Asker: 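The structure is given below, and queries will be raised subsequently.
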There are 2 protein chains.
Amino acid sequence: MVSNTDSSEALAQRLSDSGLRSTPQREVIYSVLLKKRDHPTAEDVFARAKPEMPMISLATVYNCLETLVQCDLVRAVNFERGPTRYCPNLRPHAHFHDEATGATHDIELPPGMLDQVKAVLPPHFDATSVEIIFRGKAPSKA
Amino acid sequence: MVSNTDSSEALAQRLSDSGLRSTPQREVIYSVLLKKRDHPTAEDVFARAKPEMPMISLATVYNCLETLVQCDLVRAVNFERGPTRYCPNLRPHAHFHDEATGATHDIELPPGMLDQVKAVLPPHFDATSVEIIFRGKAPSKA
DNA sequence: CTTCATATTTAGAATAGTTCTTATTCCTTG
DNA sequence: CAAGGAATAAGAACTATTCTAAATATGAAG
């Protein structure tokens, strides 16, 4: 389990690696993402951050999320037309979108799976990232 | 190569299978998608359809594209935040998004690849579709 | 510990893409 | 040909996001 302090430090480290500052807003937003990993939208994050930091603005939430994505601490995921969702899971994983409930589940991938998928690329296609999205029905209890 | 007549008939067939009508607008939009398979946006399709049918409205383009998607004649693809793109390729394939040019390439998948990917799902996850999106650099001439 | 330059935040306006609403037109069937 | 449902057109409305400008905070340099 990651303690709050540890993740703050990790955040500060990543930010300064990129020449960025650690700010209270960025910390709150990152902690919100870590606390409930249900792939929230920017609006969701805004709502969850507000109790801890009432003056925070939605624009800041967007800014911070974008910053976290650029530091590789958070992944942005887009399902169809809806709002972008944010995910602090850094391990290689796919996403399963439950069409009945709208919920999104992380699917851990066995090591090598992404390389195996990349192997289908024709010569000279150089992929920096692979995203796999399943759609269907997830087990009800999961 | 698919003749215009053939694709019109295929379209009419698919539509009536779903209890929908074949209309001039739907035919033009489908033919626009078949003619240039560069994953156009709705606005692109609108612009390409207008010369053939000057009175067509953007709302109709959206309606028809949605209809075609529901008939399984067209796939809608979403890369990050941008507009939805449309693809008339019905064979199992992945998409490669060239980050330098913004172009999208279809990547044909070997038979069985999708099942292989589905095999990573834990029990009771039942996927109706799998989408694979690569991002990176494509060969310049492709 | 000030001062300066810059990074960040805020609030609200602006924008892009899409969906909705309403009226009209077009088929299809009786 | 009349009625009813399906489809289209035009533009308003909406949602998610980005932009803009001003205020604030931060870190570095003296």
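Hydrogens, waters and symmetry mates play no part in the numbers below; they use all other heavy atoms, side chains included. The structure displayed is predicted, hence computed values, not measured ones. Letters go in sequence order (proteins before strands), and every chain restarts at 1.
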Asker: What range of DNA chain C does chain A touch, first nucleotide to last, counting atoms under 4.0 Å from its heavy atoms?
Answerer: C:dT6 to C:dT19

Asker: Could you tell me which residues satisfy side chain to side chain donor-acceptor pair (under 3.5 Å) with A:Thr84, sequence neighbours excluded, listed by chain and number?
Answerer: A:Asn78

Asker: For B:Tyr62 and D:dA12, give me the distance from atom OH to atom P, rounded to whole Å.
Answerer: 17 Å

Asker: Name all residues meeting the side-chain contact (heavy atoms from CB on, under 4.5 Å) criterion together with A:Val120; count only those two or more places apart in sequence or in a different chain, and write none if there are none.
Answerer: B:Ile107, B:Leu109, B:Pro110, B:Met113, B:Phe134

Asker: Sequence neighbours excluded, which residues qualify as salt bridge (charged side-chain N to carboxylate O under 4.0 Å, His left out) partners of A:Glu52?
Answerer: A:Lys35

Asker: How about B:His95 and B:His93: are their ring centroids closer than 6.0 Å?
Answerer: yes

Asker: Tell me which residues in residues 52-61 of chain B lie within less than 4.0 Å of DNA chain C, going by non-hydrogen atoms.
Answerer: B:Leu58, B:Ala59

Asker: Return whichever of B:Arg21 or B:Asn63 has its heavy-atom-nearest nucleotide of DNA chain C closer to the 5' end.
Answerer: B:Asn63

Asker: Any side-chain N or O of B:Gln25 below 4.0 angstrom from OP1/OP2 of D:dA9?
Answerer: yes

Asker: How many whole angstroms separate atom CZ of A:Phe46 from atom P of D:dT18?
Answerer: 16 Å

Asker: Using the test salt bridge (charged side-chain N to carboxylate O under 4.0 Å, His left out), find all partners of A:Lys36 that sit at least two apart in sequence or belong to another chain.
Answerer: A:Asp38

Asker: A:Thr41: what forms a side-chain contact (heavy atoms from CB on, under 4.5 Å) with it, not counting sequence neighbours?
Answerer: A:Glu43, A:Asp44, A:Pro83, A:Arg85

Asker: Under the rule for side chain to side chain donor-acceptor pair (under 3.5 Å), what residues qualify as partners of A:Ser16, not counting sequence neighbours?
Answerer: none

Asker: Got a sec, which residues hit side chain to side chain donor-acceptor pair (under 3.5 Å) with B:Asp17, two or more places apart in sequence or on another chain?
Answerer: B:Gln13

Asker: Does anything in residues 65-87 of chain A come within less than 4.0 Å of DNA chain D? Heavy atoms only, and list the residues if so.
Answerer: A:Pro83, A:Thr84

Asker: Which residues pass the side chain to side chain donor-acceptor pair (under 3.5 Å) test with A:Asn63, sequence neighbours left out?
Answerer: none

Asker: Under the salt bridge (Lys or Arg N to Asp or Glu O under 4.0 Å) definition, can you give me all pairs with a residue in residues 118-139 of chain B, not counting sequence neighbours?
Answerer: A:Glu131-B:Arg135, A:Arg135-B:Glu131, B:Glu80-B:Arg135

